[in-house]
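What follows is one structure encoded as structure tokens, with my remarks underneath.
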Amino acid sequence: MAEINRAIKGTNDMLPADSHKFQFVEGKMLDIASLYGFREIRVPVFEHTEVFQRSVGDTTDVVQKEMYTFDDKGGRSITLRPELTAGVVRSVIEHGLVNGALPVKVCYVGGCYRYEKPQAGRLREFHQFGVECFGAASPAADAEVISLGLQVLETVGIKNISLEINSIGCPECRKNYHKALSEYFASHIDTLCETCRDRLSRNPMRILDCKSPVCSALAKDAPKVIDFLCDECQNHFDGVKGHLDAAGIKYTVNPQIVRGLDYYTKTVFEFVSGDIGAQSTVCGGGRYDGLVSQMGGPAVSALGFGMGIERLMLALENQNSNFPEAKKCDIYIAPMGDTAAVKATALCTSLRRDGFEAQCDVCGRGLKAQMKYADKIGALYSTVIGDNEIAENKCNIKNMITGEIEEISLDNFSEQFMKIKLDDALSSLEDTII
RNA sequence: GUGGUUGUAGCUUAGUUGGUUAAAGCGCCAGUUUGUGGCACUGGAGACCGUGGGUUCGAAUCCCAUCUACCACCCCA
């Protein structure tokens, strides 16, 4: 197929047959966030490249090799956002949001762009739901954000999801930990795999993530971050666990989880699903107390998470999860002849003004073809309008499920149609109760 | 970026050791005496066999390259 007819590698079209599923999921995300007081924020899909370099971190893979960066016509270096936290932080600083009532709680849904090799649960354009909370240093905030993430996942109907938490400490305790870790792995350098030997100097914490049997065996006995936490970080972590316990939120402490973005401090967490493939993290986040000041804002603590919408959908699909049905056409009007076609347009217009999904023929098809079409789109009701109906000023409304027919006048059409619809809904409700 | 698998109508597939106009089911459109959908029957449209080279008298079929998709590494959501 020609280039012009093919989507860019790693991108997906969301087709009409699936859009209601995304609307359902995204709707739930924003609804639940608002229960926790998080309000939607929308920021641009592109920012100055430095926004991401400064926040995500110059040495991370995301910045080093995955960003879509280009110069615009004014010579500015622009980057398509690889994640949303950086842009949100920039916006919060720019508009002085943290000068208002604290905490500032925001949430978002939007596309992210990363030049990666696509695979299960990994795309070049993907969408994230996320929340960020500014100005809350207490462990209660960590628990609140985690609880919000969990409630979203539960509400959307995902099964077999587990919460893993860890603390990677503040820059102070991490310094000591890095030293201990480097010493430990350096003493086993001969047994480490090739890539981990590189990691030793670059970022020894990454070795903990290695899948090779030798390295993961070594990692098991390696010093753990949580053993190197300073008093403050330890108290904070204990506090988070206490809040989670009290709220009845189950978790496992996983000292291996190390997030790949530089800005994280203290609490880090992931919600993991076994129903996606290798990319099993559906939601990842944590605290980033230093980021706002690092980006030129006031010294406020902050935390948040990002949730991969496509990954979530993938897990739901693999679990054969049920989504609410897409909305169906309320009534299909089948005109016969030119006069009737004009009448059908008028009727549809008024039905739509009254809030019904109404459709009529726009292809000039015969009656039988129209009825077939009404059936295919799952129209709940149909009616045929011809010369007789216009002459007598009335028509038959057919319930497409039961086949029942009721005659109504062409005047006050919407009102009468609404009555039929309500009566039918009521009687089917009675049936299910009895 | 590194591996492995893959590619024939909108979808799912068939295509014999290379041999005429590339099949089928579903879907789509239209009909089965312009007044009612689901069933059935009939007909029709729709494929440069992913793309570009090469081998050959002849390639969907063999070879090379390339692209896409899928899966894994890496990394992350």
Side-chain angles (χ1 to χ4, degrees), chain A residues 1-3 5-12 15 17 56 60-66 81-85 109-130 149 193-196 198-199 203 206 209-212 257-261 264 268-273 276-285 304-315 332-338 340 361 363-389 395-401 403 405:
Chain A
M1 216 181 290
E3 289 260 295
N5 290 324
R6 203 137 74 187
I8 288 175
K9 179 175 181 162
T11 65
N12 271 164
L15 301 176
V56 174
T60 59
D61 276 13
V62 170
V63 168
Q64 279 190 337
K65 41 191 202 194
E66 294 174 5
R81 62 187 182 201
E83 54 106 57
L84 273 125
T85 301
V109 169
C112 301
Y113 305 84
R114 258 123 101 154
Y115 190 83
E116 295 208 69
K117 190 143 178 188
Q119 95 190 52
R122 196 170 71 185
L123 294 163
R124 287 187 174 180
E125 181 192 52
F126 63 99
H127 296 79
Q128 274 190 4
F129 159 70
C193 75
E194 195 105 350
T195 36
C196 282
D198 285 347
R199 287 169 170 152
N203 190 349
R206 288 256 154 264
D209 255 355
C210 185
K211 307 287 191 297
S212 104
I257 64 169
V258 179
R259 317 242 69 243
L261 309 182
Y264 287 109
V268 290
F269 62 90
E270 290 182 5
F271 285 97
V272 180
S273 165
I276 297 177
Q279 311 302 318
S280 55
T281 303
V282 173
C283 174
F305 67 69
M307 193 181 283
I309 296 179
E310 286 87 350
R311 279 190 193 175
L312 182 57
M313 298 298 285
L314 195 58
Y332 182 86
I333 299 180
M336 297 195 329
D338 292 343
D361 178 55
C363 295
R365 278 196 274 227
L367 180 61
K368 185 148 182 144
Q370 291 195 57
M371 291 305 291
K372 278 191 177 182
Y373 178 74
D375 185 57
K376 269 176 220 154
I377 62 172
L380 270 20
Y381 297 86
S382 71
T383 185
V384 177
I385 309 255
D387 294 341
N388 298 344
E389 283 76 10
C395 69
N396 289 326
I397 302 290
K398 180 174 186 176
N399 182 322
M400 294 291 277
I401 296 155
I405 283 172

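Chain A is the first sequence line, chain B the second, and so forth, proteins listed ahead of strands; every chain is numbered from 1.
Residues passing the ring-ring contact (aromatic ring centres under 6.0 Å, His included) test with A:F126, sequence neighbours excluded: none. Every salt bridge (Lys or Arg N to Asp or Glu O under 4.0 Å) that A:E270 has, sequence neighbours left out, goes to A:R259. Applying the salt bridge (Lys or Arg N to Asp or Glu O under 4.0 Å) criterion to A:K65, with sequence neighbours excluded, gives A:D61. Partners of A:E116 according to the side-chain contact (heavy atoms from CB on, under 4.5 Å) rule, which considers only residues two or more places apart in sequence or in another chain, are A:E66, A:R114, A:R122. Applying the ring-ring contact (aromatic ring centres under 6.0 Å, His included) criterion to A:Y332, with sequence neighbours excluded, gives A:Y373. For A:N396, the side-chain contact (heavy atoms from CB on, under 4.5 Å) test picks out A:I405, A:E407, with sequence neighbours left out. Take A:F269 and apply the ring-ring contact (aromatic ring centres under 6.0 Å, His included) test, not counting sequence neighbours, and it matches no residue. A:Q128 pairs by the side chain to side chain donor-acceptor pair (under 3.5 Å) definition with nothing, not counting sequence neighbours.
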Report summary line: Under the rule of Watson-Crick or G-U wobble with both distances under 3.5 Å, where | means paired to another strand and [ ] a crossing pair, RNA chain B maps to (((((.(..((((.....[...)))).(((((.......))))).....(((((..]....)))))).)))))....
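Residue-level contact check: A:G277 touches the backbone only, with heavy atoms under 4.0 Å from sugar-phosphate atoms and none from bases. Contact annotation for A:L123: base contact, defined as any heavy-atom pair under 4.0 Å involving a base atom.
Between the C1' atoms of B:U36 and B:A45, the separation comes to 27 Å (whole Å). The separation of B:A9 from B:U5, taken at their P atoms, amounts to 23 Å, rounded to a whole angstrom. Nucleotides B:A60 and B:A22 place their P atoms 9 Å apart, quoted to the nearest Å. Here the separation of B:U12 from B:G18, taken at their P atoms, is 28 Å to the nearest Å. Atom name C1', nucleotides B:U55 and B:U16: the rounded distance is 22 Å, in whole Å. For the P atoms, the distance from B:U51 to B:U8 is 10 Å, rounded to whole Å. Taking the C1' atoms as reference points, B:G3 lies 28 Å from B:U61, given to the whole Å. Using atom P as the reference point in both B:A14 and B:G7, the two lie 9 Å apart (nearest Å).
Projected onto RNA chain B by closest heavy-atom contact, A:K65 and A:I8 fall at different nucleotides, the more 5' of which corresponds to A:I8. Residues A:I276 and A:Y115 both approach RNA chain B. Their nearest nucleotides, taken by heavy-atom distance, put A:Y115 toward the 5′ side.
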Got a list of protein N/O to nucleotides 4-9 of chain B N/O distances below 3.5 Å?
none

Nucleotides 28-36 of chain B: which of its N/O atoms have a protein N/O under 3.5 Å away?
| from | atom 1 | to | atom 2 | distance (Å) |
| --- | --- | --- | --- | --- |
| B:C28 | OP1 | A:K376 | NZ | 3.4 |
| B:C29 | OP1 | A:R365 | NH1 | 3.2 |
| B:C29 | OP2 | A:K376 | NZ | 2.8 |
| B:G35 | O6 | A:N388 | ND2 | 2.8 |
| B:G35 | N1 | A:E389 | OE1 | 2.9 |
| B:G35 | N1 | A:E389 | OE2 | 2.9 |
| B:G35 | N2 | A:E389 | OE2 | 2.3 |
| B:U36 | O2' | A:K398 | NZ | 3.2 |

Contacts under 3.5 Å, N or O only, protein and nucleotides 43-47 of chain B:
none

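Two residues are said to be in side-chain contact when any heavy atoms from C-beta on lie closer than 4.5 Å; A:E310 and A:L123 meet this criterion. Residues A:R311 and A:C283 form no side-chain contact, since every pair of their non-hydrogen atoms from C-beta on lies 4.5 Å or further apart.
For a distance-only test at 3.5 Å, the side chain of A:Q119 qualifies as a donor-acceptor partner of the base of B:C74. At a cut-off of 3.5 angstrom, counting only N and O atoms as typed in the model, there is no donor on one side facing an acceptor on the other between the side-chain of A:E116 and the base of B:C74. You'll find a donor-acceptor pair under 3.5 Å spanning the side chain of A:R122 and the base of B:C74, going by distance alone.
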Query - Test log, rule side-chain contact (heavy atoms from CB on, under 4.5 Å), inputs A:M371 and A:M400 - result: CA-CA 10 Å; A:M371 291 305 291; A:M400 294 291 277; 4.2 Å; yes
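Of the candidates B:A77, B:C70, B:C75, the closest approach to any side-chain atom of A:E66 belongs to B:C75.
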